[in-house]
Asker: 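So that we are looking at the same thing, I have put the structure below in structure tokens.
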Amino acid sequence: MPVVEELIRTEQDGTISFGNYKLDVKSKHDNFEHDGDLYKVKTFYEITKLEKNGLFVYESVPGTAVEHFRVDDRNVEFLVEGSQDAQVTLQLEEDCEYEVFVDDAAVGGMKTNRSGKLVIGVELNEGTAVKVKVVRK
């Protein structure tokens, strides 16, 4: 899976892709319109962060490349790649339970905190995308 050279883009299936963990300097793309919403991405080798309409959506430390990012009422789903293991933080509904799957294997149930953040550790190897799916119980 290649990095997203344009930092953020819309895919043919209606999802978005974003992030470039190979950049040496922090780069951002602001006011990217997708389905009536405005997105902002900040990315480089240390961190990748996505905001939607000014609100936090996704963050990884270190930086990652994310493809086919899709969110609906019950699920968050995406492919992620990076040069090393990453901690991914997602903004979800507060005080809710979710089942987390990494490469279709259940890694267990997790509950969001009062702010709705869910933190997932993902083992990554450069050049290999990992599928992450979070399902609300």
Side-chain angles (χ1 to χ4, degrees):
M1 177 175 108
V3 296
V4 182
E5 295 293 338
E6 59 272 66
L7 304 185
I8 187 168
R9 67 174 179 247
T10 300
E11 301 293 349
Q12 288 183 350
D13 62 3
T15 61
I16 61 171
S17 296
F18 59 92
N20 185 339
Y21 63 89
K22 293 186 178 186
L23 295 173
D24 290 332
V25 295
K26 192 181 296 184
S27 298
K28 71 177 181 177
H29 186 119
D30 209 352
N31 295 319
F32 179 83
E33 190 172 342
H34 175 75
D35 283 344
D37 295 306
L38 290 178
Y39 288 85
K40 177 180 182 177
V41 65
K42 296 178 190 175
T43 187
F44 75 130
Y45 71 96
E46 287 184 3
I47 191 169
T48 295
K49 187 172 184 177
L50 180 71
E51 295 177 2
K52 174 181 168 183
N53 300 325
L55 301 173
F56 175 83
V57 174
Y58 172 101
E59 181 179 272
S60 70
V61 177
T64 54
V66 177
E67 285 195 322
H68 301 284
F69 188 82
R70 175 188 321 268
V71 179
D72 62 31
D73 292 343
R74 298 189 47 82
N75 305 305
V76 177
E77 198 171 344
F78 56 92
L79 296 171
V80 61
E81 180 189 322
S83 61
Q84 56 187 306
D85 296 351
Q87 177 176 297
V88 173
T89 304
L90 299 171
Q91 180 66 49
L92 302 168
E93 193 171 332
E94 60 189 52
D95 290 324
C96 283
E97 289 196 37
Y98 292 86
E99 187 69 32
V100 178
F101 299 87
V102 176
D103 277 342
D104 296 320
V107 295
M110 296 182 184
K111 187 172 182 174
T112 55
N113 61 21
R114 289 177 136 179
S115 65
K117 292 195 173 36
L118 185 75
V119 179
I120 306 164
V122 184
E123 294 180 15
L124 299 173
N125 294 305
E126 191 163 359
T128 304
V130 172
K131 180 181 176 184
V132 176
K133 185 172 184 178
V134 179
V135 180
R136 186 172 165 204
K137 289 184 176 183

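Numbering starts at 1 and runs along the sequence shown.
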Asker: Provide the closest heavy-atom pair for L124 versus A86 in the form atom of the first, atom of the second, distance.
Answerer: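 Shortest heavy-atom separation between L124 and A86 comes out as CD1-CB, 3.8 Å.
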
Asker: Which atoms form the tightest heavy-atom contact between G19 and T43, and what is the distance?
Answerer: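 It is CA-OG1, 3.6 Å.
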
Asker: According to a hydrophobic-cluster definition based on side-chain heavy atoms being under 4.5 Å apart (Ile, Leu, Val, Met, Phe, Trp, Tyr only), do V135 and V57 belong together?
Answerer: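 In one cluster: no.
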
Asker: Should E81 and Y21 be marked as a side chain to side chain donor-acceptor pair (under 3.5 Å) after you check the CA-CA gap, both sets of side-chain angles, and the distance that decides it?
Answerer: CA-CA 9 Å; E81 180 189 322; Y21 63 89; 2.4 Å; yes

Asker: Compare all side-chain heavy atoms of K28 with those of K40 and state whether any distance is below 4.5 angstrom.
Answerer: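 Yes, at least one pair of side-chain atoms sits under 4.5 Å.
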
Asker: Restricting to side chain to side chain contact (heavy atoms under 4.5 Å, CB included), what partner residues turn up for Q87, sequence neighbours left out?
Answerer: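 Q87 satisfies side chain to side chain contact (heavy atoms under 4.5 Å, CB included) with T89, V119 once adjacent residues are dropped.
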
Asker: Would one find more than 12 heavy atoms of other residues, nucleotides or ligands at under 6.0 Å from atom CD of E123?
Answerer: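 Result for CD/E123: open.
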
Asker: Is a salt bridge present between D95 and R114, judged by a nitrogen-to-oxygen distance below 4.0 Å?
Answerer: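 Salt bridge between D95 and R114, a charged N being under 4.0 Å from a carboxylate O: no.
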
Asker: List the steps and the verdict of side-chain contact (heavy atoms from CB on, under 4.5 Å) for E99 and K133.
Answerer: CA-CA 8 Å; E99 187 69 32; K133 185 172 184 178; over 6 Å; no

Asker: Salt-bridge test for K52 and D37: reply yes if a basic N is under 4.0 Å from a carboxylate O, no otherwise.
Answerer: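 Looking at K52 and D37, the cut-off is met.
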
Asker: Decide whether V71 and V66 are clustered together by the hydrophobic rule: side chain heavy atoms of Ile, Leu, Val, Met, Phe, Trp, Tyr closer than 4.5 Å, transitively.
Answerer: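 Yes, V71 connects to V66 through the hydrophobic network.
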
Asker: Looking at K26, I'd like to know if its NZ atom is crowded, meaning that more than 12 non-hydrogen atoms belonging to other residues, nucleotides or ligands lie closer than 6.0 Å.
Answerer: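 At most 12 heavy atoms, drawn from other residues, nucleotides or ligands, come within 6.0 Å of this atom.
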
Asker: Indicate yes or no: at least one non-hydrogen side-chain atom of E126 is less than 4.5 angstrom from one of K22.
Answerer: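 Yes, their side chains come closer than 4.5 Å.
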
Asker: Do L118 and V100 make a side-chain contact, defined as non-hydrogen atoms from C-beta onward lying under 4.5 Å apart?
Answerer: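 Yes. Closest side-chain heavy atoms under 4.5 Å.
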
Asker: Taking the side chain as every heavy atom from C-beta outward, state whether V130 and L79 have any pair of such atoms under 4.5 Å apart.
Answerer: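 Result no, sub-4.5 Å side-chain heavy-atom pair not found.
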
Asker: Is it the case that one hydrophobic cluster holds both V122 and I47, taking links as side-chain heavy atoms less than 4.5 Å apart, direct or via other members?
Answerer: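 In one cluster: yes.
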
Asker: Which distance, rounded to the nearest 0.5 Å, do you find between the CG of N113 and the NZ of K111?
Answerer: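 Between atom CG of N113 and atom NZ of K111 there are 10.5 Å.
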
Asker: Would you sort out whether K131 and D104 count as a side-chain contact (heavy atoms from CB on, under 4.5 Å), showing the intermediate values?
Answerer: CA-CA 7 Å; K131 180 181 176 184; D104 296 320; 3.3 Å; yes

Asker: As a quick check of understanding, evaluate side-chain contact (heavy atoms from CB on, under 4.5 Å) for N75 and V134, giving each step before the final call.
Answerer: CA-CA 6 Å; N75 305 305; V134 179; over 6 Å; no

Asker: Decide whether S17 and E11 meet the rule of one side-chain donor and one side-chain acceptor closer than 3.5 Å.
Answerer: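 Note: S17 and E11 side chains meet the donor-acceptor criterion.
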
Asker: Can you get from V107 to Y98 by hopping between Ile, Leu, Val, Met, Phe, Trp and Tyr side chains that sit under 4.5 Å apart?
Answerer: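 As far as the 4.5 Å side-chain criterion goes, Y98 and V107 are connected within one cluster.
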
Asker: Are R136 and E97 within salt-bridge range, i.e. N to O under 4.0 Å?
Answerer: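 Not counted as a salt bridge, because no side-chain N and carboxylate O are separated by less than 4.0 Å.
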
Asker: Looking only at heavy atoms, which two atoms of V4 and N20 are closest? And how far apart?
Answerer: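 Heavy-atom minimum between the residues: O-CB, 3.9 Å.
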
Asker: Which pair of non-hydrogen atoms, one from T64 and one from S60, has the smallest distance, and what is that distance?
Answerer: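 T64 and S60 have their closest heavy atoms at OG1-OG, 2.8 Å.
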
Asker: So how far is it from E77 CD to R74 CZ, rounded to the nearest 0.5 Å?
Answerer: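 The CD atom of E77 sits 13.5 Å away from the CZ atom of R74.
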
Asker: Can you tell me how far CD of E33 sits from CD1 of I8, rounded to the nearest 0.5 angstrom?
Answerer: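 The CD atom of E33 is 11.5 Å from CD1 of I8, to the nearest 0.5 Å.
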
Asker: For the atom pair CG (L50) and CZ (F78), what is the distance rounded to the nearest 0.5 Å?
Answerer: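 That separation rounds to 11.0 Å.
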
Asker: Could you give me the CA-CA distance, side-chain angles and deciding distance for F18 and F32, then say whether ring pair (Phe, Tyr, Trp, His ring centres under 6.0 Å) is met?
Answerer: CA-CA 11 Å; F18 59 92; F32 179 83; over 10 Å; no

Asker: Indicate yes or no: at least one non-hydrogen side-chain atom of L7 is less than 4.5 angstrom from one of S27.
Answerer: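 L7 reaches S27 side chain to side chain.
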
Asker: Kindly work out whether a path of hydrophobic side-chain contacts (I/L/V/M/F/W/Y, heavy atoms less than 4.5 Å apart) joins F101 to F69.
Answerer: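 No, F101 and F69 fall in different hydrophobic clusters.
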
Asker: Please name the residue in the list R9, R70, H34, E67 that meets the side-chain contact (heavy atoms from CB on, under 4.5 Å) test with T15.
Answerer: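 That would be R70; it is the only one of R9, R70, H34, E67 passing the side-chain contact (heavy atoms from CB on, under 4.5 Å) with T15.
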
